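A, B, ... follow the sequence lines: proteins, then strands. Residue 1 opens every chain. No experiment lies behind these values; they were computed from the predicted model shown.
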Amino acid sequence: MPELPEVETIARALREGGRGAGPIVHARVRSACVLWPPTVAEPGPRAFERLAQGRVITGVARRGKYLLLHLDAGWTALVHLRMSGDLQVLPTEAMLPRHTRLYWDLDDGRRLVFDDPRKFGRWWLTQNPQSILAPLGPEPLAPDFTPQALAQRLRGRRARLKALLLDQRVIAGIGNIYADEALHRAGLHPLRPANTLSPDEIAALWQALRQVLQEGIARNGASIDWMYRGGEFQNEFRVYGRAGQLCYTCGTPIQRVRVAQRSTHFCPRCQPWPSE
DNA sequence: CCTGAAACCTGTCTGC
DNA sequence: TGCAGACAGGTTTCAG
């Protein structure tokens, strides 16, 4: 599910209310319960339960694909949803979702639930979130992420464009869907070595990245298959998941190749290999 | 620096 | 209906 727009959608719902629940800011954690210990990366599961107890949630933020739950006393819970994680706010008496890995009971009769079928998601409870977030590249929607900033991140890199877009140290928050969609909108072949882009091509990529992420957020993210979560951006896909179907722009069949272990979708005509 | 493979997991879908 | 295989929005680690 979760790339930047999906995580932003969840953060916004927790901060301002939405998805059928009010905001969790100002609520106090009455107790914490870890059902699948490997979910907690730091500290150990029992310490996590003990340290979370009694904390007040003071704010909710996002950095890349990480969700930040700011707590009082200098603590922060970092959540990474990975492939299948989801956060929900439910009444304490509601039945737990089938794949609940941990939950916080709040002092207002609600429960913050982390549901994660594939068990890849991770939580950290720390007083030094920077120690985990430091390697991340710039936020692509921040005002200082200019075309020049993007050019600087790609400079001297010979790796394929698609691989670099997925590298969180290069830019934070881009995943497989938004990488493919941005490359199509920019008219760039996913296998292009990053250091072969002209300034115009970098500007086009910058524009496409911002546009696709902003539109994703505006549509509350994308919903796919059984991982439905209420977003609508899947209706705007031009290449992702459309292998063999015709490009909306030129009618050429969309191709699928494997890049950096990930399915990569592109239009061979709109995203030509430069050599002709 | 770069690529690919494997590992961490469960669920869904397709084809035989 | 059963079953094998492929596939899935992510990241880390390791070999070459």
Side-chain angles (χ1 to χ4, degrees), chain A residues 1-11 35-42 62-67 78-87 97-102 114-124 131-137 140 153-183 190-196 209 212-213 215-217 219-244 256-265:
Chain A
M1 263 178 284
E3 302 182 33
L4 187 156
E6 288 75 29
V7 180
E8 180 67 27
T9 298
I10 293 175
L35 300 177
W36 174 256
T39 295
V40 181
E42 175 189 333
R62 177 194 60 75
R63 173 78 173 97
K65 298 174 192 172
Y66 289 84
L67 202 86
L78 296 182
V79 184
H80 200 303
L81 276 24
R82 295 280 175 93
M83 292 287 261
S84 62
D86 189 20
L87 279 171
R98 196 221 271 277
H99 304 289
T100 300
R101 305 306 175 195
L102 71 76
F114 181 63
D115 187 61
D116 182 25
R118 290 179 71 179
K119 298 178 173 175
F120 290 163
R122 291 293 179 269
W123 284 56
W124 294 256
S131 64
I132 293 139
L133 303 176
L136 292 180
R153 303 302 289 171
L154 302 182
R155 190 167 301 145
R157 303 296 301 262
R158 281 172 296 178
R160 301 146 161 173
L161 260 187
K162 172 70 183 281
L164 283 192
L165 290 180
L166 293 178
D167 186 339
Q168 301 302 296
R169 296 166 301 184
V170 176
I171 307 170
I174 313 288
N176 207 34
I177 289 178
Y178 292 89
D180 281 4
E181 293 299 319
L183 287 170
L191 297 180
R192 286 276 296 280
N195 62 358
T196 65
L209 282 170
V212 126
L213 294 171
E215 194 175 346
I217 291 172
R219 309 250 173 196
N220 297 313
S223 310
I224 295 192
D225 303 338
W226 49 289
M227 309 297 257
Y228 179 75
R229 19 161 346 89
E232 295 296 336
F233 187 70
Q234 69 279 6
N235 300 323
E236 311 300 323
F237 290 173
R238 299 187 191 172
V239 286
Y240 183 83
R242 297 194 64 240
R256 186 168 75 131
V257 295
R258 205 84 181 162
V259 185
Q261 325 282 94
R262 313 298 298 281
S263 278
T264 296
H265 315 74

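In this structure, A:Leu166 places its CG atom 13 Å from P of C:dT12, rounding to the nearest Å. Spacing between atom CZ of A:Arg158 and atom P of B:dT3 amounts to 9 Å, rounded to whole angstrom units. To the nearest angstrom, C1' of B:dT3 lies 16 Å from CG of A:Leu161. Between the C1' atom of B:dC8 and the CG atom of A:Leu81 lies a distance of 16 Å, rounded to the nearest Å. Going from atom CG of A:Leu4 over to atom P of C:dT11 covers 11 Å, rounded to whole Å. Atoms CD (A:Glu6) and P (C:dA8) sit 16 Å apart, rounded to a whole Å. Look at NE2 on A:His80: it is 14 Å from C1' on B:dC8, rounded to the nearest Å. Taking atom CD1 of A:Ile177 as the reference point, atom P of C:dC7 lies 17 Å away to the nearest angstrom.
Relative ring orientation between A:Tyr178 and A:Phe233 is described as parallel, the plane-to-plane angle staying below 30° on a 0-90° scale split at 30° and 60°.
Closest to the side chain of A:Arg82, out of B:dA5, C:dT12, C:dA8, is C:dT12. Checking B:dA5, B:dT3, C:dT11 against the side-chain heavy atoms of A:Arg262 singles out C:dT11 as nearest. Of the candidates B:dA5, C:dG9, B:dC2, B:dC2 carries the atom nearest the A:Arg157 side chain, counting heavy atoms from C-beta on. The listed nucleotides are C:dA8, B:dG11, C:dT11; the one nearest the side chain of A:Arg118 is C:dA8. With distances taken from any side-chain atom of A:Ile224 to the nucleotides B:dT3, C:dA8, C:dG9, the minimum falls on C:dG9.
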Worked verdict on A:Ser263 versus A:Arg258 for side-chain hydrogen bond (donor to acceptor under 3.5 Å, both in side chains): CA-CA 5 Å; A:Ser263 278; A:Arg258 205 84 181 162; 3.3 Å; yes
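In this structure, A:Arg258 reaches the C:dA8 phosphate: one of its side-chain N or O atoms is under 4.0 Å from OP1 or OP2. OP1 or OP2 of C:dG9 sits under 4.0 Å from a side-chain N or O of A:Tyr240. For A:Gln168 and C:dT11, the shortest distance from a side-chain N or O to OP1 or OP2 is below 4.0 Å. Applying the 4.0 Å criterion to OP1 and OP2 of B:dT10, one finds that A:His99 has every side-chain N and O outside that range. When the side-chain nitrogen and oxygen atoms of A:Arg98 are compared with OP1 and OP2 of B:dT10, none of them lie within a distance under 4.0 Å. For C:dT12, the OP1/OP2 oxygens have no side-chain nitrogen or oxygen of A:Arg169 closer than 4.0 Å. Contact check, A:Ser84 against B:dT10: no side-chain N or O comes under 4.0 Å of OP1 or OP2. Close to C:dT11, at under 4.0 Å from its OP1 or OP2, lies no side-chain N or O of A:Arg122. In this model, the phosphate group of C:dT11 is approached by a side-chain N or O of A:Lys65 to a distance below 4.0 Å at OP1 or OP2. A close approach under 4.0 Å does not occur between any side-chain nitrogen or oxygen of A:Lys119 and OP1 or OP2 of B:dC8. For C:dC7, the OP1/OP2 oxygens have a side-chain nitrogen or oxygen of A:Arg256 closer than 4.0 Å.
With centres under 5.5 Å and a plane angle under 30°, the ring of A:Phe120 is stacked against the base of B:dC8.
Going from the P atom of C:dA6 to that of B:dA6 covers 12 Å, rounded to whole Å. Nucleotides C:dG10 and B:dC1, compared at atom P, are 23 Å apart to the nearest Å. Look at the P atom in both B:dC2 and C:dG9: the space between them is 23 Å, to the nearest Å.
One distance of note links CG of A:Asn195 with CZ of A:Arg157; it measures 10.0 Å at 0.5 Å rounding. Considering CG of A:Asn176 and OG1 of A:Thr264, their distance stands at 5.5 Å, rounded to 0.5 Å.
Not a single salt bridge (charged side-chain N to carboxylate O under 4.0 Å, His left out) links A:Arg122 to another residue, sequence neighbours left out. Taking A:Glu236 as the reference, A:Arg219 meet the salt bridge (charged side-chain N to carboxylate O under 4.0 Å, His left out) condition, with sequence neighbours excluded. Qualifying salt bridge (charged side-chain N to carboxylate O under 4.0 Å, His left out) partners for A:Arg62, counting only residues two or more places apart in sequence or in other chains: A:Glu8, A:Glu139. Contacts of A:Asp115 classified as side chain to side chain donor-acceptor pair (under 3.5 Å), with partners at least two apart in sequence or in another chain: none. In terms of the salt bridge (charged side-chain N to carboxylate O under 4.0 Å, His left out) criterion, A:Arg262 has no residue partners (sequence neighbours excluded).
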Under the 3.5 Å Watson-Crick or G-U criterion, the dot-bracket string of DNA chain C, with | for inter-strand pairs: .|||||||.|||||||
